[in-house]
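Scroll down for the structure; my scribbles are underneath it.
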Amino acid sequence: MSVLSPFIASRDKSVMKKTRTKKSRQTPTISGKRALIPVRALDFVMYNTKDIRKTRAFYQKLFGFKRGEEWTDWWSEFHTAPLTFCLNGTAHERHPEWDWSGAACVALAVDDVPAAIAKCRKRAFPPRPLAPNGKIMQRTLVKDALNATAPLDAILLQGWVRTRRDAKAFSFIELNDGSCLKGLQIIVDAALPDYAQVARVNTGASIEVSGKLVESKGGGQKWEVVAEKFTVLGEADATYPLQKKGHTMEFLREIAHLRPRSNLFGAVFRVRSRLAYAIHQFFQEKGFYYVHTPIVTASDAEGAGDMFRVTTLDLANPPKTEQGDIDHAKDFFGKKTFLTVSGQLEAEIFACALSNVYTFGPTFRAENSHTSRHASEFWMIEPEVAFCDLNGDMELAEEFVKYLIRDIRAHCAGDLEFFAKFVDKELLPRLDFVLDKPFVRCSYTEAVEILIKSGKTWEHPVAWGDNLQSEHERYLTEEHFKCPVTVYNYPRAIKAFYMRQTDGCAEGRETVAAMDLLVPGIGEIIGGSQREERLDKLRAGMALHHLEEKNYWWYLDLRRYGTVPHAGFGLGFERMLMFVTGVANIRDVIPFARTPGTAEF
RNA sequence: UGCCCGGUAGCUCAGUGGCAGAGCAGGUGACUGUUAAUCACUUGGUCGUAGGUUCAAUCCCUACCCGGGCAGCCA
């Protein structure tokens, strides 16, 4: 077969009309010696281009064919080779088997029409199954199929095989498409013409099945699908790492590209998605505005851990000043820059304009932490509220945490049951307990007294003025109160410069309006404070922490012009997710975790 | 970063100073409306890497790498 000449659909109104019919979108059609060959969205460029020479130039550039080469040459290559190319900066892979459905059309004049059509048919995915009424079937998600209220004569499912069990006259296939935890059982009768394909199906293969949704004859599930058409889309051989047997979390972490297909991680990431949604919903319902704070920042001393440097300087040969130091003025931003550890200072700016705001985005800590609850890259939610004091802040934090738990309880019930069964038996009672009870509020000073009176021997001794250690926080929330605890009013010296000094403190017992929300099992999940709104006190705080005012001129301006009391907090998104799912390691609630020494995927 | 534990088949793990083991997965066959199906047979290994001790090291010692736990730092 050879293609004689290109024919752009838009140049011929009659052809253009045909391209818009549904039928022509599915299969090539013939009109005299002209074949209508459906192509995918990319080719819409051709379809819409008025000037054929521009189109040629576009494809010349795209495929690198030279002027004078026959159109035929590159066109045929276009249709035979899987191509990778770049359009509008996006890399696409041209799969050799295209799904023609929904495609635009380009008309070609060919000398051997049947051969051209045969070629196209071969390249396209098998045609979408037709329902009894002749319409193309739409895919049904497993989640929706399982919720069916009546049998269905025609259903189309696509997904991945979890397990196959062969019987004498048919096979059972458990299909999962990630839409929910549960899979759907597929029955493939050995008499079916497609049955030969079942032998190619192992755990992990991707398949497409159409057939009838019927009530299951066996126990264990309400619905099952009796296949009428069965297609293997992608095989998975014996090297597929996910087996039917349970895997350790550590092993699954090493195959982060496949672990979302496991029950546990599918559930974790569905809940993660819902939790993110619930966070926005909570704040939006309360009239908070969402602020995007910068990820690259020049503020390097917020007292929240070590920061990652951001630079375009040649590290092997950096520009130097006359004194021999690295000349940061020559760097991309003209100064030293870092990845942010918090959006709080910027959020304060917006709170002092829009009143109620929140941020929700990634933050970065270059701490060399090797624990189950620290990551180098994590997401944080930071509400900031104008005209709000510490009490209002604590109330908001409590309401927020309870709202999120209630939302996940209501919308992720199936996934939570799975966690309760396999991850943390106490999960559901604990979540309900948290919902029922008001959080305990306890001042730092009271907490220190409780710890001293406990009679426990501490690895780290308790003394007023020292930070509460992990063991102390755990004792308070897990043993003493057995409930989430908000500890507030911490010693001034151990907290950040921007926290509001408490009025009327005794000499040597100065505190600031800080609060930490501690929850059983995880420890600190929220840290927040009322911000110092008085210019003179803020400057004193900066002096105490040895910070240079010139680096915070804009922050100080907020106190110079129309200052207001305001407060906010930071909630670690992943820590909340750990609390809600019972998953013990932060690396297992992040799709692709970044921790010291690990940035795979 | 400190302390502790671990690294043996694709996965989960036993094991011993003297020929390397099981279950699951894979393969073959049987059986079966099955539910991580079952039964029989079977393929599969530089015992993390590099040194050292020893007649002999997967095992004992040292260093390093990787993973996990706890602590610090924090959310």
Side-chain angles (χ1 to χ4, degrees), chain A residues 162-174 182-189 199 202-204 214-221 224 226 236-255 258 262-263 302-307 341-344 362-382 397 422 458-460 466-474 494-496 516-519 522-528 569-579 584-590 595-598 600:
Chain A
R162 281 297 169 75
T163 179
R164 187 187 98 205
R165 296 176 289 271
D166 292 332
K168 191 163 197 170
F170 48 87
S171 289
F172 298 101
I173 289 171
E174 193 187 325
K182 290 204 173 86
L184 188 57
Q185 179 159 282
I186 313 288
I187 313 288
V188 190
D189 196 284
N202 292 321
T203 301
V214 300
E215 284 190 44
S216 179
K217 287 182 200 165
Q221 62 280 315
E224 63 190 19
V226 178
D237 69 13
T239 61
Y240 182 67
L242 282 174
Q243 296 167 12
K244 298 170 203 174
K245 246 190 148 44
H247 292 290
T248 58
M249 308 276 255
E250 290 78 19
F251 171 68
L252 290 167
R253 233 171 262 158
E254 290 167 14
I255 50 165
L258 296 172
S262 67
N263 283 335
E302 288 161 19
D306 293 338
M307 301 173 83
V341 293
S342 161
Q344 180 204 313
T363 52
F364 306 86
R365 303 281 163 90
E367 291 288 346
N368 195 7
S369 297
H370 290 274
T371 83
S372 54
R373 55 186 204 287
H374 288 87
S376 310
E377 180 181 319
F378 64 97
W379 284 56
M380 187 154 64
I381 300 99
E382 295 177 292
F422 293 106
W458 304 106
E459 193 184 329
H460 303 269
D466 292 345
N467 236 324
L468 296 182
Q469 303 296 314
S470 227
E471 57 175 340
H472 307 144
E473 294 182 345
R474 270 214 313 275
I494 58 170
K495 286 292 181 179
D516 284 351
L517 175 59
L518 312 174
V519 295
I522 293 170
E524 185 178 342
I525 198 166
I526 280 179
F569 61 81
L571 169 83
F573 180 59
E574 283 82 5
R575 286 195 183 168
M576 187 67 205
L577 192 51
M578 290 165 74
F579 187 68
N585 195 310
I586 199 165
R587 284 166 266 228
D588 297 324
V589 295
I590 301 177
T595 51
T598 308
E600 194 69 52

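Below, each value reflects all heavy atoms present in this structure, side chains not excepted, and no hydrogens, waters or symmetry copies. In what follows, chains carry the letters A, B, and so on, assigned in the order in which the sequence lines appear, proteins first and then strands, with residues in each chain numbered from 1. The structure displayed is predicted, hence computed values, not measured ones.
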Sugar-phosphate, base or nothing in reach of [X], heavy atoms under 4.0 Å:
X	value
A:Leu242	nothing
A:Glu377	nothing
A:Ser376	nothing
A:Glu471	nothing
A:Ser372	sugar-phosphate
A:Arg162	nothing

Could you give the distance from [atom1] ([X]) to [atom2] ([Y]), rounded to the nearest 0.5 Å?
X	Y	atom1	atom2	value
A:Ile590	A:Glu574	CD1	CD	4.0 Å
A:Ile522	A:Met578	CD1	CE	5.0 Å
A:Glu382	A:Leu571	CD	CG	10.0 Å

Nearest-angstrom distance, [atom1] atom, [N] to [M]:
N	M	atom1	result
B:U8	B:G45	P	15 Å
B:G68	B:G23	C1'	24 Å
B:A14	B:A20	C1'	12 Å
B:A40	B:A25	P	13 Å
B:C31	B:C39	C1'	8 Å
B:A22	B:G44	C1'	14 Å
B:U54	B:G48	P	23 Å
B:U58	B:C47	P	7 Å

A:Tyr240 side chain reached by A:Leu258 side chain, heavy atoms, under 4.5 Å | yes
Less than 5.5 Å between centroids and less than 30° between ring planes, does A:Phe170 satisfy that with B:G33?
->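 A:Phe170 ring does not meet the centre or angle cut-off for B:G33; no stack.
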Does a salt bridge link A:Arg253 with A:Asp588, judged by any charged N lying under 4.0 Å from a carboxylate O?
->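 Between A:Asp588 and A:Arg253 there is a salt bridge, with a charged N closer than 4.0 Å to a carboxylate O.
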Kindly point out which of [options] is positioned nearest to the side chain of [X]?
X	options	answer
A:His370	B:U1, B:C11, B:U35	B:U1
A:Ile187	B:G33, B:U32, B:G69	B:G33
A:Glu524	B:A75, B:U34, B:A71	B:A75
A:Ser369	B:G33, B:G72, B:A75	B:G72

Between [N] atom [atom2] and [X] atom [atom1], what is the distance in whole Å?
X	N	atom1	atom2	value
A:Lys495	B:C74	NZ	P	8 Å
A:Glu459	B:C70	CD	C1'	9 Å
A:Glu473	B:G72	CD	P	8 Å
A:Asn585	B:A75	CG	C1'	15 Å
A:Arg164	B:A25	CZ	P	12 Å
A:Leu258	B:G10	CG	P	17 Å
A:Leu571	B:C74	CG	P	17 Å
A:Gln243	B:A9	CD	P	13 Å

For [X] versus [Y], what's the shortest heavy-atom pair and its separation?
X	Y	answer
A:Gln221	A:Gln185	NE2-NE2, 3.6 Å
A:Thr203	A:Leu242	CG2-O, 3.7 Å
A:Thr363	A:Met380	CG2-CE, 3.9 Å

Between A:Ser216 and A:Phe251, the residue closer to the 5' end of RNA chain B by nearest nucleotide is A:Phe251
Closest to the 5' end of RNA chain B, once A:Ala584 and A:Leu468 are matched to their nearest nucleotides, is A:Ala584
In the structure shown, which nucleotide is the Watson-Crick or G-U wobble counterpart of [N], with both distances under 3.5 Å?
N	result
B:A40	B:U28
B:A20	none
B:C60	B:G52
B:G6	B:C66

Pair of N/O donor and acceptor under 3.5 Å linking [N] base with [X] side chain:
X	N	result
A:Gln185	B:U34	yes
A:Arg365	B:A75	yes
A:Glu250	B:G6	no
A:Glu367	B:U1	no
A:His374	B:C73	yes

Give a yes/no answer on whether the side chain of [X] brings an N or O atom under 4.0 Å of OP1 or OP2 in [N].
X	N	result
A:Thr248	B:U12	yes
A:Arg165	B:A36	no
A:Ser470	B:A71	yes
A:Arg474	B:A71	yes
A:Asn368	B:G72	no
A:Lys217	B:G33	no
A:Arg587	B:G67	no
A:Thr163	B:U34	no

Go through the side-chain N and O atoms of A:Arg373 and A:Asn585 and say whether any donor and acceptor fall under 3.5 Å apart.
-> no
Would you classify B:C11 as syn or anti? Syn applies when the glycosidic angle is within 90° of 0.
-> anti
A:Phe172 vs A:Phe170 aromatic rings, parallel, tilted or perpendicular, using cut-offs 30° and 60°?
-> perpendicular
